[in-house]
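Worksheet for the structure shown next.
Naming: A, B, ... by sequence-line order, numbering from 1 per chain.
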Amino acid sequence: MNFQVYDSLRRTKRVFEPAEPGKVRMYHCGPTVYGEAHIGNFRSFLFADALRRWLELSGFEVTQVMNITDVGHLRDDDPEGGEDKLESLARKTSRDPWEIAAHYTDVFLGDVDLFRIRRAHHYPRATEHVPQMIAQIEQLIERDHAYVTDEGQVVYSVPSYADYGRLSGNTGDDLLPGARVEVGSDKHDPRDFYLWKKDPHHLMQWDSPWGRGFPGWHIECSAMGQHLLGTTLDIHTGGEDNVFPHHECEIAQAEGATGETFVNYWMHARFLQIDGGKMSKSLGNLYTVRQLAEMGHPPEAVRFALLRSHYRQVLNFTFAGLEEAAANVRKLRHFAEEMRDAAHGAEAGAAPEWLTRCVRRFDDAMNDDLNLSGALDGVFSLLHEARRHEAQGADAAAALAALQRFDQIFDVLRESPAADDAEFAAQVDALIERRAAARAAKDWAAADALRDELAALDVELLDGKDGKVTWRRTSSNANG
RNA sequence: GGCGGCAUAGCCAAGUGGUAAGGCAACGGAUUGCAAAUCCGUCAUCGUCGGUUCGACUCCGACUGCCGCCUCCA
């Protein structure tokens with residue numbers, strides 16, 4: 001079965017075929033670095049990561065680009081008082097906007113690593129690609145898709161691009177009455193948007209053929225995307241809120257400048273909600289991924305919680321769900337250990353029928369527009385079937401291999417850097433020995449007390465047959 | 001006002017024109033000194049009302065609720 005992708009532009013699922021066989025060029029709308037990324041951002045980034053991982057697992061050679069917006073976006077409907085977020089933050093904190101952007105870029109990349117997101121091949125900074133943006137703006141002027149105002153601002157002419165509105169359905173004819181009333185605007189059409197702006201109060205300024213100024217809010221993605229990946233990208237992703245106006249404008253810019261298709265497959269991740277409602281700062285339910293980590297939630301649990309539902313469905317984030325995800329991660333790890341033991345060092349043999357079925361279930365779901373929820377059916381079926389068939393030797397090794405392959409997507413199996421040490425193990429073993437003695441003496445109260453003591457250390461006992469006792473940590477957070 | 005999406009068991013969450021995956025929780029059984037882990041089993045007719053159809057939860061319409069975009073938020 002081929003990989004099918006839901007294309008937001010055509011509003012239908014299509015078989016994915018990259019422009020160049022075997023190679024995928026994809027672009028993701030990344031963070032605006034004036035603050036820490038929250039879990040909503042990370043849902044979108046984790047989706048992009050899972051997409052990349054599945055493509056790679058499917059044998060594609062992927063080149064991934066994620067922009068870092070360090071200029072900020074100017075408001076377009078309020079040229080007088082318009083202020084960019086980086087600037088306002090800079091004014092409030094009396095810090096240099098460049099410093100702020102650099103700081104939060106580092107924080108972001110740290111979060112990326114912490115949450116095991118594979119690093120993109122390029123993280124272009126908008127501030128480092130102003131020449132490319134200027135070049136694209138020049139192309140647009142040449143091709144009559146943009147005009148220069150008397151003040152030297154450059155504006156994209158929406159009426160010049162017939163397909164405007166194809167992605168979002170927003171042709172712009174019926175925009176909210178009043179919202180786009182221009183005050184002293186120099187635009188020819190209310191829908192037109194700025195490519196190059198001027199504002200003496202803006203802290204970040206660059207020279208251009210039209211004088212000192214700064215780029216508009218959409219040009220960075222089309223310019224950097226095409227600069228790094230070529231005229232046509234295979235896949236472009238972002239959050240659903242990017243559809244309009246951002247991606248609509250990107251298409252108008254990129255295709256206006258080159259006359260060629262900008263993106264073959266548009267993929268948009270839906271928002272997540274918190275406890276069934278919207279997430280917002282004012283409701284006090286906006287969490288950054290750092291906060292979750294600081295609360296002691298292991299990154300693997302957060303990954304699992306954000307990956308286990310389909311990217312095109314609203315995801316309901318709850319702390320109960322996060323705990324559940326952590327329990328699932330532990331379950332998977334325990335199963336991996338079990339299979340490792342049961343394999344007795346055997347090589348993976350030919351997959352038994354039950355295993356093939358689980359793998360097929362997983363692959364089919366993944367190929368169906370990255371249906372991670374459906375894929376989990378395959379994952380948990382594997383646990384169930386392997387235990388039911390009491391997989392041993394080569395079968396167990398094969399089951400483990402299958403699980404590890406699934407984990408190429410989820411990446412939750414490996415422990416965070418272990419805090420384990422010999423001293424702790426010795427302490428645990430001593431307690432287990434005392435418990436064994438108590439049990440031998442049928443002093444159940446003492447035995448249970450020792451078990452509780454071990455539980456307090458996050459140690460779970462596994463009483464096997466023949467009195468063999470093994471133990472494992474219940475916390476999947478080995479950093480704790 | 002314009003554009004778009006969602007509504008599946010206590011919770012999370014897939015899916016299909018022919019009678020609904022999986023996870024968590026719960027319950028019964030096996031196992032256990034008791035537990036844990038594991039195994040076996042139980043647990044929904046798919047927001048409401050109409051329509052199309054031999055047959056719909058899946059298609060269409062209306063309604064209700066929720067969510068997103070149209071002010072820089074993934």
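Separation of the P atoms belonging to B:rC63 and B:rG2 is 13 Å when rounded to the nearest angstrom. B:rC11 and B:rU48 have their P atoms separated by 15 Å, with the value rounded to a whole Å. B:rG28 and B:rU64 have their P atoms separated by 44 Å, given to the nearest Å. Spacing between B:rC57 and B:rG51 at atom C1', rounded to whole Å, works out to 16 Å. Straight-line distance between the C1' atoms of B:rA56 and B:rA20: roughly 13 Å, to the nearest whole Å. Using atom P as the reference point in both B:rG50 and B:rU58, the two lie 14 Å apart (nearest Å).
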Could you list, one pair per line, each protein nitrogen or oxygen that sits under 3.5 Å from a nitrogen or oxygen of nucleotides 26-32 of chain B, together with the distance?
none

Between the protein and nucleotides 19-24 of chain B, list every N/O to N/O distance that falls short of 3.5 Å.
unit_1 : atom_1 : unit_2   : atom_2 : d
B:rA21 : O2'    : A:Asp377 : OD1    : 3.2
B:rA21 : O2'    : A:Asp377 : OD2    : 2.5
B:rA21 : N1     : A:Ser373 : O      : 3.3
B:rG22 : O4'    : A:Asp377 : OD1    : 3.3
B:rG23 : O2'    : A:Asn328 : OD1    : 2.8
B:rG23 : O2'    : A:Asn328 : ND2    : 2.9
B:rG23 : N2     : A:Glu324 : OE1    : 3.1
B:rG23 : N2     : A:Glu324 : OE2    : 3.1
B:rG23 : N3     : A:Glu324 : OE2    : 3.1
B:rC24 : OP1    : A:Lys331 : NZ     : 2.6
B:rC24 : O4'    : A:Glu324 : OE2    : 3.3

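Contact of A:Arg451 with B:rC34 (side chain to base): a donor-acceptor pair of N or O atoms is detected under 3.5 Å. Judged by distance alone with a 3.5 Å cut-off, no donor-acceptor contact links the side chain of A:His268 to the base of B:rA74.
In this structure, the ring pair (Phe, Tyr, Trp, His ring centres under 6.0 Å) partners of A:Tyr265, at least two apart in sequence or on a different chain, are A:Phe16. Shown here are the salt bridge (Lys or Arg N to Asp or Glu O under 4.0 Å) partners of A:Arg388, two or more places apart in sequence or in another chain: A:Glu385. With sequence neighbours left out, the side chain to side chain donor-acceptor pair (under 3.5 Å) criterion links A:Thr356 to no other residue. Under the side chain to side chain donor-acceptor pair (under 3.5 Å) criterion, A:Asn371 pairs with no residue, sequence neighbours left out. With sequence neighbours excluded, no residue satisfies ring pair (Phe, Tyr, Trp, His ring centres under 6.0 Å) with A:Phe271. With sequence neighbours excluded, no residue forms a side chain to side chain donor-acceptor pair (under 3.5 Å) with A:Glu390.
A:Trp444 qualifies as a stacking partner of the B:rG33 base, centre to centre under 5.5 Å and near-parallel within 30°.
Between B:rG68, B:rG15, B:rC66, one nucleotide has an atom nearer to the side chain of A:Asn371 than all others, and that is B:rG15. Out of B:rA14, B:rG33, B:rC70, the shortest distance to the side chain of A:Ala447 is found at B:rG33. With distances taken from any side-chain atom of A:Gln273 to the nucleotides B:rA14, B:rA74, B:rC67, the minimum falls on B:rC67. The listed nucleotides are B:rG15, B:rC72, B:rA74; the one nearest the side chain of A:Ser44 is B:rA74. The side chain of A:Phe271 has B:rC69 as its nearest neighbour among B:rA14, B:rC69, B:rC12. Which of B:rC6, B:rA37, B:rC69 sits closest to the side chain of A:Glu460 comes down to B:rA37.
The side chain of A:Arg387 contributes an N or O atom lying less than 4.0 Å from OP1 or OP2 of B:rU38. Contact annotation: A:Tyr34 reaches the phosphate of B:rC73 (side-chain N/O to OP1 or OP2, under 4.0 Å). Residue A:Lys278 has a polar side-chain atom (N or O) positioned under 4.0 Å from OP1 or OP2 of B:rG68. Contact annotation: A:Asn41 reaches the phosphate of B:rA74 (side-chain N/O to OP1 or OP2, under 4.0 Å).
A:Leu372 comes within contact range of no nucleotide atom at all, as no heavy-atom separation falls under 4.0 Å. Among the atoms of the strands shown, none is found under 4.0 Å from any heavy atom of A:Val243.
No side-chain donor-acceptor contact under 3.5 Å links A:Asp7 to the backbone of A:Arg11. Not one N or O on the side chain of A:Arg312 forms a donor-acceptor pair closer than 3.5 Å with the backbone of A:Asp369.
Two rings, from A:Phe45 and A:His28, have their centers 6.0 Å or more apart.
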Atom pairs and distances, donor-acceptor, side-chain atoms in residues 432-440 of chain A, under 3.5 Å, two or more places apart:
unit_1   : atom_1 : unit_2   : atom_2 : d
A:Arg435 : NH1    : A:Asp463 : OD1    : 3.3
A:Arg435 : NH2    : A:Asp463 : OD2    : 2.9

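Shown here for A:Met26 and A:Ala48, the closest heavy-atom pair between the two residues is CE-O, 4.2 Å.
Atom pair A:Met339:CE and B:rU38:P shows a separation of 11 Å (rounding to whole Å applied). Rounding to whole angstrom units, CZ of residue A:Arg10 and P of B:rG4 are separated by 18 Å. Between the CG atom of A:Asp448 and the P atom of B:rA36 there is a distance of 12 Å, given to the nearest Å.
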